[in-house]
Amino acid sequence: SNSPSTTQSSAQQQKDQGIIMFAVGVGNPSLTELQGIASEPKVDHWAYMREFESLLKVSELISRGTCPPSIDGGGNTNFDTET
């Protein structure tokens, strides 16, 4: 984001209200910022990829209706369409 501290603060306010926060970065995101946005456990609530086309894979994982919702294989998993 253009303002990481504001983004982190806003995400924390939402988490404090019980909202589950997912963080998905594309390109060359700040992994520290993504992890700061993500709900606990962090590994299940953030992901990154090089291409926007890879967002489909992540959105499918989130929309499966898991309870609680998570990104199976999130964190350092490569979601790029090339692999």
Side-chain angles (χ1 to χ4, degrees):
S1 72
N2 292 329
S3 179
S5 62
T6 301
T7 301
Q8 302 268 335
S9 175
S10 295
Q12 188 59 53
Q13 289 174 1
Q14 302 307 308
K15 290 187 279 188
D16 290 345
Q17 294 179 24
I19 296 171
I20 297 171
M21 299 294 292
F22 289 91
V24 179
V26 179
N28 189 23
S30 164
L31 302 184
T32 302
E33 187 173 4
L34 291 177
Q35 292 171 357
I37 294 167
S39 291
E40 294 288 345
K42 302 283 186 190
V43 70
D44 292 335
H45 294 100
W46 75 276
Y48 73 96
M49 61 224 46
R50 291 179 298 219
E51 314 173 332
F52 280 99
E53 291 82 12
S54 302
L55 284 173
L56 181 58
K57 291 180 183 179
V58 173
S59 66
E60 288 172 356
L61 290 169
I62 294 171
S63 66
R64 283 187 186 157
T66 59
C67 192
S70 67
I71 302 173
D72 293 333
N76 290 320
T77 300
N78 183 351
F79 289 101
D80 291 318
T81 56
E82 297 171 357
T83 59

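If you read the sequence from its start, that first residue is 1, and numbering goes on from there. Everything numeric here is computed off the predicted structure, so don't read it as measured data.
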Fill in: Straight-line distance of Ile37 CD1 to Gln14 CD, nearest 0.5 Å
11.5 Å
Discussion item. So, taking the atom named CG in Leu34 and the one named NZ in Lys42, what distance separates them when rounded to the nearest 0.5 Å?
Written reply: 10.5 Å
Worksheet item: Of all residues at least two apart in sequence or in a different chain, which pass the side-chain contact (heavy atoms from CB on, under 4.5 Å) check with Thr6?
Response: Ser3, Ser10
Fill in: Sequence-distant partners of Ser39, side-chain hydrogen bond (donor to acceptor under 3.5 Å, both in side chains), two or more places apart
none
Which pairs of donor and acceptor atoms, one on a side chain in residues 16-32, lie under 3.5 Å apart (sequence neighbours left out)?
from  : atom 1 : to    : atom 2 : distance (Å)
Asp16 : OD1    : Gln12 : NE2    : 2.7
Ser30 : OG     : Glu33 : N      : 3.1

